[in-house]
Amino acid sequence: ATMEHPKRDHLVMFARAAIMHEKNLSEALAASKEGLKEWPRDVELLTLAGSLSLRLGKIDDARSYVRTARSLDPTYAEALALEAQLSEKK
């Protein structure tokens, strides 16, 4: 379930930019967590939080975000890809 909302869209863009440029990862994760307080069932935000967590070495957090995203939408490709990346981690 993807929500349309200007603040939410801004958070998604911020998170995607942080991941793409490998910059502001901690800030982007904090922003994503704030977004998830308002939109806890947002699969895209959950997956981005997972991706940011992985890049910051927070593997357990990343797994938790992906699990939640996959339970909400088992077919979301980005979550599946992140789950595959995480399966290679110890």
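- Note that OG of S64 is 13.0 Å distant from NZ of K58, once rounded to the nearest 0.5 Å.
- Checked by atom type and distance alone, the side chain of S51 never pairs as donor or acceptor with a backbone atom of T47 at under 3.5 Å.
- Scanning for side chain to side chain contact (heavy atoms under 4.5 Å, CB included) contacts around E83 gives V66, R70, L80, with sequence neighbours left out.
- Qualifying salt bridge (charged side-chain N to carboxylate O under 4.0 Å, His left out) partners for E22, counting only residues two or more places apart in sequence or in other chains: R55.
- Q85 pairs by the side-chain hydrogen bond (donor to acceptor under 3.5 Å, both in side chains) definition with nothing, not counting sequence neighbours.
- Applying the salt bridge (Lys or Arg N to Asp or Glu O under 4.0 Å) definition to pairs two or more places apart or across chains, those involving residues 28-40 are K7-E38, E34-K37.
- Residues satisfying the side chain to side chain contact (heavy atoms under 4.5 Å, CB included) test with R16, not counting sequence neighbours, are V12, E44, L48, Y76, E78.
- Evaluation of the salt bridge (charged side-chain N to carboxylate O under 4.0 Å, His left out) rule for E27 yields no partner, not counting sequence neighbours.
- Across all their heavy atoms, P40 and L46 have their closest contact at O-CD1, 3.7 Å.
- The closest side-chain donor-acceptor pair between S26 and N24, if any, does not fall under 3.5 angstrom.
- Residues passing the salt bridge (charged side-chain N to carboxylate O under 4.0 Å, His left out) test with K23: none are found, sequence neighbours excluded.
- A search for side-chain hydrogen bond (donor to acceptor under 3.5 Å, both in side chains) contacts involving S87 returns nothing, not counting sequence neighbours.
- Taking A62 as the reference, S53, L54, L86 meet the side chain to side chain contact (heavy atoms under 4.5 Å, CB included) condition, with sequence neighbours excluded.
- Listed by chain and number, the residues in a side chain to side chain contact (heavy atoms under 4.5 Å, CB included) with L11 are A31, W39, L45 (sequence neighbours excluded).
- When side chains are defined from C-beta on, Y65 does not count as touching L82, because their heavy atoms never get closer than 4.5 Å.
- Placement of L56 and L36 within a single hydrophobic cluster is found when ILVMFWY residues are connected by side-chain heavy-atom separations under 4.5 Å, directly or transitively.
- For K89, the salt bridge (charged side-chain N to carboxylate O under 4.0 Å, His left out) criterion is met by no residue, not counting sequence neighbours.
- One finds the CG atom of L29 at 7.5 Å from the CG atom of D61 (value rounded to the nearest 0.5 Å).
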